[in-house]
Amino acid sequence: MAEIIDGKQISLDIKDEIKDKVAWLKGKDIEVTLAVILVGNDPASTVYVKNKKLACEYTGIKSLSYELPEETTEEELLKLIDELNADKKVNGILVQLPLPKHIKEDAVIKRISPDKDVDGFHPESVGRLSIGERGFVSCTPAGIIQLLKRSKVDIDGAECVVVGRSNIVGKPMAMLLIRENGTVTVCHSRTKDLKEVTKRADILVVAIGKPEFIDASYVKEGAVVIDVGIHRKEGKKLCGDVNYASVEPVCSKITPVPGGVGPMTIAMLMYNCYEAALMQNGL
Ligand code: NDP
């Protein structure tokens, strides 16, 4: 039977560590502060923002909330970002995505100061990651590295296959695995023989956005399988991009959905806020 990688527990451990670090900074008169901007009232985004605020409360990070109406213009949003960029009391800025269609996400991401880019989506953050400089790393892939390390998975020299090449998961994931000395292959919708590639993986990270797509026939015996996908099945049960029932018997370790990668994303956002406060204070 595969070992279940418990993202809920690992994320809690990380949040407890951050709580101590945030308290340590408070002792130096530094109050770690995150500004959270939500435009409109998309139900999923509203839940994500609420969970981010709860995590701030848990770790002792001050959260400033900006809940703007759906009809907010791009100009108005960019103006608010400029104000928050200039505000020395704000360490991190998070704009919840997706934004309403009339606002260009790209312009918004680029407007956030790279020093406050706690989501790690700014081109400068991506560039720093690719050349190995200190900077913010996209929270989901950063969380996956923590899941692997804290579950004693040796990435050094491992054959790693990432399925998916999105800017927020697949590409930064590949970069981080390279940084950890993995041998990395990235697959996508044009990959010719997906199974042939995924079956080589010691560590298989799946982020394709298709419910239960990966079954046992894609997985090498004893591989570690990380499932990034989140889908709500009929009857409201959550599932991932991996067919858990099929894959679990053949792999050595696996992340469940829910309770695997999901909780790590917010924990790493808290970490990035702490890191922002360190960097802005020359620590
Ligand atoms: P995207 O839709 O942006 O990217 C999906 C990627 O999968 C693309 O690169 C695409 O290839 C590739 N792909 C699609 N179909 C296939 C296929 N049949 N074979 C091989 N590759 C394929 O998704 P995201 O990266 O944003 O998200 C992936 C999943 O992770 C989603 O389920 C999402 O909900 C979830 N997610 C979970 C998070 C969490 O906190 N747990 C955070 C972020 C995402 P191509 O580029 O060629 O189109």
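Atoms within a ligand are numbered from 1 in the order they appear, just like the ligands themselves. Residue indices begin at 1 and follow the sequence shown.
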Can you tell which of Val261, Val153, Val224 makes a side chain to side chain contact (heavy atoms under 4.5 Å, CB included) with Leu147?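 So, applying the side chain to side chain contact (heavy atoms under 4.5 Å, CB included) to Leu147 and each of Val261, Val153, Val224, only Val261 qualifies.
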So, applying side chain to side chain contact (heavy atoms under 4.5 Å, CB included) with Leu148, which one of Leu176, Ile155, Asp154, Thr255 is it?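 With Leu148 as partner, side chain to side chain contact (heavy atoms under 4.5 Å, CB included) holds for just one option, Ile155.
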Modelled atom types, side-chain donor and acceptor of Ser217 and Lys195, under 3.5 Å: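 The criterion, which ignores hydrogens and geometry beyond distance, is satisfied for Lys195 and Ser217.
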So, is the end of the Lys199 side chain (NZ or CZ) under 6.0 Å from the ring centre of Tyr218 and within 45° of the ring's axis?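 Relative to the ring axis of Tyr218, which defines the angle, Lys199 lies outside at least one limit.
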Taking non-hydrogen atoms within less than 4.0 Å of ligand 1, which protein residues qualify?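 Contacts of ligand 1 under 4.0 Å: Thr140, Val163, Gly164, Arg165, Ser166, Ile168, Val169, His188, Ser189, Leu194, Ala207, Ile208, Gly209, Lys210, Phe213, Val228, Gly229, Ile230, His231, Asp241, Val261, Gly262, Thr265.
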Is the side chain of Gln280 donor-acceptor paired with the backbone N or O of Ala277 at a distance under 3.5 Å, no angle test?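 No; zero donor-acceptor contacts below 3.5 Å.
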What pairs of donor and acceptor atoms, side-chain ones from residues 240-249 against any protein atom, are under 3.5 angstrom apart with sequence neighbours left out?
residue: Asp241; atom: OD1; partner: Gly209; partner atom: N; Å: 3.4
residue: Asp241; atom: OD1; partner: Lys210; partner atom: N; Å: 3.1
residue: Asp241; atom: OD1; partner: His231; partner atom: NE2; Å: 2.6
residue: Asp241; atom: OD2; partner: Ile208; partner atom: N; Å: 2.8
residue: Asp241; atom: OD2; partner: Gly209; partner atom: N; Å: 2.9
residue: Asn243; atom: OD1; partner: Ala245; partner atom: N; Å: 3.4
residue: Asn243; atom: OD1; partner: Ser246; partner atom: N; Å: 3.3
residue: Ser246; atom: OG; partner: Ala216; partner atom: N; Å: 2.8
residue: Glu248; atom: OE2; partner: Ala2; partner atom: N; Å: 3.1

